[in-house]
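Shown below is the structure under consideration.
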Number of protein chains: 2
Amino acid sequence: MTTDALVLDAAAQDLLFREARTANTFTDEPVTEEQVQAIYELVKFGPTAFNQQPLRVVLVRSEEARERLVRQMADGNKDKTAAAPLVAILAVDNEFHEELPTQLPHFPQAKDLFFSERSVREQSATLNGALQAAYFIVGVRAAGLAAGPMTGFDAEGINKEFFGDGDHSVLAVVNIGKPGEDAWFPRSPRLAYDEVVTTV
Amino acid sequence: MTTDALVLDAAAQDLLFREARTANTFTDEPVTEEQVQAIYELVKFGPTAFNQQPLRVVLVRSEEARERLVRQMADGNKDKTAAAPLVAILAVDNEFHEELPTQLPHFPQAKDLFFSERSVREQSATLNGALQAAYFIVGVRAAGLAAGPMTGFDAEGINKEFFGDGDHSVLAVVNIGKPGEDAWFPRSPRLAYDEVVTTV
């Protein structure tokens with residue numbers, strides 16, 4: 001096993017990566033506020049450029065909000081989004097730079113030096129928000145839950161329905177819960193090391 | 001501690017998130033091929049849309065390649081990129097869809113149904129490659145190493161110097177090694193749960 005070279009214990013490796021799977025069905029067991037807080041309090045430490053932390057999370061808990069969200073999902077994602085114990089909308093705040101003076105106290109000038117242009121902010125927020133989305137998925141698994149991340153939806157529709165200020169862009173919608181019956185397809189292959197990693 | 005609600009053991013929480021830091025200096029201890037392979041063999045299981053796996057990694061090990069890379073880095077990143085035991089260029093292959101017939105065997109039609117347009121592939125590769133970049137950073141930490149991810153560089157310059165086929169886009173450059181003296185700034189604050197997470 002090449003993973004002998006890791007320091008992380010094997011049970012944690014299994015929990016976060018090797019045995020974790022993208023779930024398509026869930027049990028009825030609710031996902032508590034305490035669990036979501038614990039996930040955030042862990043993964044908030046994941047690094048972002050200039051500590052910009054652009055990720056914003058909307059927990060869809062009311063029936064009315066769930067219906068509004070399901071309408072924006074692609075057909076193949078509607079049923080599982082309607083049925084999951086908890087659904088989280090992961091978006092970025094393209095005006096994240098307003099927080100830099102408090103979030104990057106040793107270099108508050110970054111706000112104006114690097115992020116005065118909206119197009120630059122949008123590009124940076126997308127990249128760094130996606131990093132945070134991945135930390136969040138890892139955090140869901142760290143809580144013993146399965147994540148079902150989806151990108152099949154009407155992004156403009158979700159932005160209007162759930163933000164409406166023109167400053168937020170959805171990246172992904174994630175179903176969260178304990179995996180149910182027939183929760184996943186057989187695992188798809190992965191590219192071999194030599195197909196992905198080259199040395200120069 | 002709100003992280004009591006997590007299943008992941010506390011030592012793993014510390015290793016991957018709470019005590020892990022973005023390193024700016026490193027010891028001379030080399031990062032081995034075995035370690036990088038172990039990292040990949042773990043984090044390759046992180047989910048991407050349609051199992052697209054767009055991430056490609058270039059390990060910069062020769063002196064000549066290191067010099068070519070350092071020239072493309074922003075001034076503030078040159079010294080640490082020159083000094084790190086290992087530097088990895090994380091990029092995406094915007095032609096990832098060519099692999100879908102083998103990587104998504106239960107739905108090979110996805111290649112043509114969803115990814116026939118280059119602009120769609122680029123957007124999807126950026127998002128999903130960033131997810132994989134975050135898994136990679138977590139994997140570096142799982143190997144007991146520190147990561148120093150950077151986005152301050154001439155992206156076009158790196159794409160030309162290290163790929164040259166017009167199909168790859170760099171996302172980040174990551175210094176990797178054991179943290180050295182004064183490896184990090186004091187930890188910057190993080191946004192509070194209520195600033196990031198809302199419920200509807």
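Just so it is clear: chains get the letters A, B, ... in the order the sequence lines come, proteins before strands, and each one is counted from 1. Side-chain atoms are counted along with the backbone in the values below, which use heavy atoms only and exclude waters and symmetry mates.
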(request) To the nearest 0.5 angstrom, please state how far the CD atom of B/Q13 sits from the CD atom of A/E41. (result) 11.5 Å
(message) Report which part of B/L16 has an atom under 4.5 Å of a heavy atom belonging to chain A: side chain, backbone, both, or neither.
(response)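 Contact with chain A is through the side chain of B/L16 alone.
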(message) Quick check for you: among A/N128, A/L127, A/T32, A/L145, which has the greatest number of heavy-atom pairs under 4.5 Å with chain B?
(response) A/L127
(request) Spell out the residues in residues 151-180 of chain A that have some non-hydrogen atom less than 4.5 Å away from a non-hydrogen atom of chain B, in order of number; otherwise answer 'none'. (result)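 Within residues 151-180 of chain A, the residues under 4.5 Å from chain B are A/T151, A/F162, A/L171.
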(message) Is there a continuous path of hydrophobic side-chain contacts, each under 4.5 Å between heavy atoms, that joins A/V92 to A/I39?
(response)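 The answer is no; the residues belong to distinct hydrophobic clusters.
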(message) Quick check on the structure: residues of residues 58-80 of chain A within a heavy-atom distance below 4.5 Å of chain B, by number.
(response) A/V58, A/L59, A/V60, A/R61, A/S62, A/A65
(request) Not counting sequence neighbours, which residues clear ring-ring contact (aromatic ring centres under 6.0 Å, His included) with A/F96? List them please. (result) A/F115
(message) Using the rule that Ile, Leu, Val, Met, Phe, Trp and Tyr join whenever any side-chain heavy atoms are under 4.5 Å apart, tell me whether B/L8 and A/F136 fall into a single cluster.
(response)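 Yes, because B/L8 and A/F136 connect within a single hydrophobic cluster, where side-chain heavy atoms sit under 4.5 Å apart.
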(message) Heavy atom to heavy atom, less than 4.5 Å: which residues from residues 188-200 of chain A reach chain B?
(response) A/S188, A/P189, A/R190, A/L191, A/A192, A/Y193, A/E195, A/V196, A/V197, A/T198, A/T199, A/V200
(request) Check each atom of B/R21 against the heavy atoms of chain A and say whether the ones under 4.5 Å are side chain, backbone, both or neither. (result) neither
(request) Quick one: closest heavy-atom pair of B/A130 and A/L131, and the distance? (result) O-CD2, 3.2 Å
(request) Heavy-atom pairs under 4.5 Å with chain B are the metric here; pick the option from A/L104, A/D93, A/V43 that has the most. (result)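 With the most close heavy-atom pairs to chain B, the winner is A/V43.
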(request) Side-chain contact test, heavy atoms from C-beta onward, threshold under 4.5 Å: evaluate it for A/F45 versus B/R187 and give yes or no. (result)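 Heavy-atom side-chain distance check passes, below 4.5 Å.
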(message) Give me the atom names and distance for the closest heavy-atom approach of B/L6 to A/G139.
(response)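 Scanning both residues, the minimum pair turns out to be CD2-O, 4.5 Å.
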(message) Looking at chain A, which one of B/E99, B/E33, B/R56, B/Q103 has the largest number of heavy-atom pairs inside 4.5 Å, strictly under?
(response) B/Q103
(message) Using heavy-atom distances under 4.5 Å, tell me whether B/I137 contacts chain A through its side chain, its backbone, both, or neither.
(response)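 For B/I137, side-chain heavy atoms alone lie under 4.5 Å from chain A.
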(message) Grouping I, L, V, M, F, W and Y whenever their side-chain heavy atoms are under 4.5 Å apart, do A/W184 and A/L15 come out in a common cluster?
(response)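 Shared cluster, no.
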(message) I need the A/F107 CZ to B/F185 CZ distance, nearest 0.5 Å.
(response) 9.5 Å
(message) Heavy-atom pairs under 4.5 Å with chain A: which of B/M150, B/Q132, B/R141 has the most?
(response)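 The answer is B/R141.
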(message) Let's test your reading of the structure: which of B/A147, B/A142, B/G144 forms the most heavy-atom pairs below 4.5 Å with chain A?
(response)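 Looking at each of B/A147, B/A142, B/G144 in turn, B/A142 comes out on top.
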(request) Please look at B/T102 and chain A and tell me whether the side chain, the backbone, both or neither of the residue comes under 4.5 angstrom of a heavy atom of that chain. (result) backbone
(message) Do A/V140 and A/L86 sit in one hydrophobic cluster, given that two such residues count as connected whenever their side-chain heavy atoms are within less than 4.5 Å of each other, even indirectly?
(response) yes
(request) Looking only at non-hydrogen atoms, find the nearest pair between A/D9 and B/A12 and report the distance. (result) OD1-CB, 4.2 Å
(message) With a 4.5 angstrom heavy-atom cut-off, is it the side chain or the backbone of B/F17 that approaches chain A, or both, or neither?
(response) both
(message) Is there a path of hydrophobic side-chain contacts, each under 4.5 Å between heavy atoms of I/L/V/M/F/W/Y residues, joining B/L42 to B/Y40?
(response) yes
(message) If I measure from the heavy atoms of chain A, does B/A49 come under 4.5 Å with its side chain, its backbone, both, or neither?
(response)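 Only the side chain of B/A49 comes within 4.5 Å of chain A.
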(message) Quick check for you: among A/V57, A/T22, A/V138, which has the greatest number of heavy-atom pairs under 4.5 Å with chain B?
(response) A/V57
(message) Is it the case that over 12 heavy atoms from other parts of the model lie below 6.0 angstrom from the CD atom of A/E181?
(response) no
